[in-house]
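Here the structure is laid out as structure tokens; the discussion comes afterwards.
Chain A is the first sequence line, chain B the second, and so forth, proteins listed ahead of strands; every chain is numbered from 1.
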Amino acid sequence: MIALADCNNFYASCERVFRPSLNGKPVVVLSNNDGCVIARSNEAKALGIKMGEPAFKSRYIFEKYDVHIFSTNFVLYGDFSNRVMSILSSNVPEIEVYSIDEAFLNLEGIPNKKQFSLELREKVLKWTGIPLSIGVAPTKVLSKMANSMAKNKSENNICILEHVDSINRHLKEFSISNIWGIGWQLTKKLNSMGIYNAYQLTEKSDLWIQKQMAITGLRLVKELRGEPCLELEDKWRRKKSITTSRTFAHGIDNIRDLSKALTTYASICAAKLRKENSCAKSIYIMLATDTSRPGHKSCKIINLNTPTNDSLEIISHCTEALRNIYNSNYIYKRVGVIVSDIVPQSKVQLTVFDKTDDIEKRQHLMQAIDIMNHKYGRLRVRFAVNGYSPRWHPHQEHLSPCYTTRISDLMRIKG
DNA sequence: TCTGGGGTCCTAGGACCC
DNA sequence: TCTGGGGTCCTAGGACCC
């Protein structure tokens, strides 16, 4: 049996841990640039604030009902995630951390799954302040469904689906649009064929499923029937691509500021590569004007002879590519860097033109930068091309302190 | 004024080869 | 008269997830 443990309203719950006065009150967390709503407390959901909705559309609700607004604070959420995951992993034989706020757990050998889930939920809540929902079922896809039941239809946020009868009963009440792996396109298509609930899907033949939903769809439906097709992946996997991109508060109309932003994202990508002990063989830069209006997009791919994770090298390729594709007739609103074709650093093949001495020197330099930035904060040590007074920074009006990771942000007790 | 950011997997179709 | 058959690799784009 597999459990899916999922933190309730995760970002909103993190913000509340150090602000208990917000319990029972509507809280929302906004995406980067304070663009749209990406997390809501139950009270905010009850006010009709929609997930992914642009913040300005709900502005009047925020004011009328005194909704507490936060900008995303990924340092804080990442730290809470680590705490929750380490508690979960110390209580089960196997775990797959699926995202920042959820994990699949292998419950093999655990006799009373309901009691176990209740105790685990209690422990995480007591130790971290984060409430969980736990759904237990024979496969991953079914545990996702059980989790949804746990969140919405159970008093204690626990749902165990063990027997065929109860699984089928729930499948009949479960809309296909809520199935993990079925998005709005497939929902539209299947609805037009008269399929509305998960049970109807399990009754179709394998051939029909594969024709309509391809191989991933067939795996998904088998999982719905209780036949495990998706394994728990407990191993750390090297990322296949790494992206750093942002939308700005205000458009940029000059190549100097654009270059500062782009090279900053290039150095963040390089640092992320080094953190994984990876090197990338291709770099992709992209520029876009305001996406809400018809505009302009351009991109450039740079293929390297030798994979790298050296910030200076990646920065210089990006700067050159920017000069090639920059068009001074446009005002840019978004830029980004994607590094891909990733290989382990230990397996990098040098060419005859690479100077190993230089590479080693630069590796030491990068290491020193990483150590300092780890200690004093990302981008504290930066490159001159990154600039210092970023006029191009995104909006973050409602940022909370990093209570758990920055000494100056620690809570103080009045004596 | 105003719509995020970071990923993965799959497929169709083109290029190329023998 | 009239244009094979089978394979691989790569890439762009779609769909989906949180």
**OP:** Whole angstrom is fine here: how far is it from CD1 in A:Ile179 over to C1' in C:dA15?
**Re:** 16 Å
**OP:** Determine: side-chain N/O of A:Thr243 to OP1/OP2 of B:dG7, distance under 4.0 Å, yes or no.
**Re:** yes
**OP:** Using heavy atoms to find the nearest nucleotide of DNA chain B for A:Arg59 and A:Asn32 separately, return the residue whose nucleotide is more 5′.
**Re:** A:Arg59
Original post:
Distance check: side-chain N/O of A:Arg219 vs OP1/OP2 of C:dC16, anything under 4.0 Å?
Top reply: no
**OP:** Name the nucleic acid region contacted by A:Ile100, choosing base, sugar-phosphate or nothing; use a 4.0 angstrom heavy-atom cut-off, strictly under.
**Re:** nothing
Subject >> Nearest to side-chain heavy atoms of A:Trp184, which nucleotide of C:dC16, B:dT3, B:dT8 >> reply: C:dC16
**OP:** Check whether more than 12 heavy atoms from other residues, nucleotides or ligands sit under 6.0 Å from atom NZ of A:Lys272, and answer yes or no.
**Re:** yes
Original post:
Base, sugar-phosphate, or nothing: which does A:Asp34 touch, judged by heavy atoms less than 4.0 Å apart?
Top reply: nothing
Original post:
Which base, if any, makes a Watson-Crick or G-U wobble pair with B:dC18, both distances under 3.5 Å?
Top reply: C:dG5
Subject >> Sugar-phosphate, base or nothing in reach of A:Thr244, heavy atoms under 4.0 Å >> reply: sugar-phosphate
**OP:** Could you work out the separation of C:dG4 and B:dC16 based on their C1' atoms and round it to a whole Å?
**Re:** 16 Å
**OP:** State plainly whether the residues A:Arg225 and A:Asp206 are in salt-bridge range, i.e. N to O under 4.0 Å.
**Re:** yes
Original post:
Separation of A:Tyr11 atom OH from B:dG4 atom P, in whole Å?
Top reply: 15 Å
Original post:
Counting just side-chain N and O atoms, does A:Arg334 come under 4.0 Å of either OP1 or OP2 of B:dT3?
Top reply: no
Original post:
Among side-chain atoms of A:Thr128 and A:Arg83, is any donor-acceptor pair under 3.5 angstrom?
Top reply: no
Original post:
Is A:Leu220 touching bases, backbone alone, or none of the nucleic acid, heavy atoms closer than 4.0 Å?
Top reply: nothing
**OP:** Evaluate salt bridge (Lys or Arg N to Asp or Glu O under 4.0 Å) for A:Glu102 paired with A:Lys144, printing each intermediate quantity in order.
**Re:** CA-CA 10 Å; A:Glu102 60 189 297; A:Lys144 272 279 197 184; 2.7 Å; yes
Original post:
So which nucleotide from C:dC18, B:dT11, C:dA15 ends up closest to the side chain of A:Gln185?
Top reply: C:dA15
Original post:
If only side-chain N and O atoms of A:Ser99 are considered, is one of them under 4.0 Å from the OP1 or OP2 phosphate oxygen of C:dC17?
Top reply: no
Subject >> Donor + acceptor pair across side chains of A:Asn147, A:Ser133 (<3.5 Å) >> reply: no
Original post:
Which part of the nucleic acid does A:Glu53 contact within heavy-atom distance under 4.0 Å: base, sugar-phosphate only, or nothing?
Top reply: nothing
Subject >> Interatomic distance where CG belongs to A:Leu190 and C1' belongs to C:dC16 [whole Å] >> reply: 14 Å
Subject >> Salt-bridge contact A:Arg362-A:Glu313 (side-chain N to carboxylate O under 4.0 Å) >> reply: no
**OP:** Mind calculating the distance between OH (A:Tyr77) and P (B:dG6) to the nearest angstrom?
**Re:** 15 Å
Original post:
For A:Asp341 and C:dC9, what is the distance between atoms CG and P respectively, to the nearest whole Å?
Top reply: 15 Å
Original post:
Given atom CG of A:Asn8 and atom P of C:dC18, what is their separation to the nearest angstrom?
Top reply: 15 Å
**OP:** Classify the side-chain pair A:Glu233/A:Tyr98 by whether it contains a donor and acceptor separated by less than 3.5 Å.
**Re:** no
Subject >> Proximal nucleotide (of C:dC18, B:dT3, B:dG6) relative to the A:Pro54 side chain >> reply: B:dT3
Original post:
Roughly how many Å is it from CD in A:Glu96 to C1' in B:dG7, rounded to a whole number?
Top reply: 14 Å
Original post:
How is A:Leu186 classified with respect to the nucleic acid when contacts are heavy atoms under 4.0 Å: base, sugar-phosphate, or nothing?
Top reply: sugar-phosphate
**OP:** Among the candidates C:dA12, C:dC16, B:dC10, find the nucleotide nearest to the side-chain atoms of A:Ile301.
**Re:** C:dA12
Original post:
Checking all strands, does A:Ile338 fall into the base, sugar-phosphate, or nothing category for heavy-atom contacts under 4.0 angstrom?
Top reply: nothing
Original post:
In whole angstrom, what separates A:Phe10's CZ from B:dG5's P?
Top reply: 20 Å
**OP:** Select from A:Arg246 and A:Lys240 the residue whose nearest nucleotide in DNA chain B is closer to the 5' end of that strand.
**Re:** A:Arg246
Original post:
What nucleotide among C:dA12, B:dC9, C:dA15 has an atom nearest to a side-chain atom of A:Arg237?
Top reply: B:dC9
**OP:** For the side chain of A:Trp180, starting at C-beta, report the closest nucleotide among C:dC17, B:dT3, B:dG6.
**Re:** C:dC17
Subject >> Under 4.0 angstrom between A:Lys144 side-chain N/O and C:dC18 OP1 or OP2 >> reply: yes
**OP:** Examine B:dG5: is either OP1 or OP2 under 4.0 Å from a nitrogen or oxygen in the side chain of A:Thr247? Give yes or no.
**Re:** yes
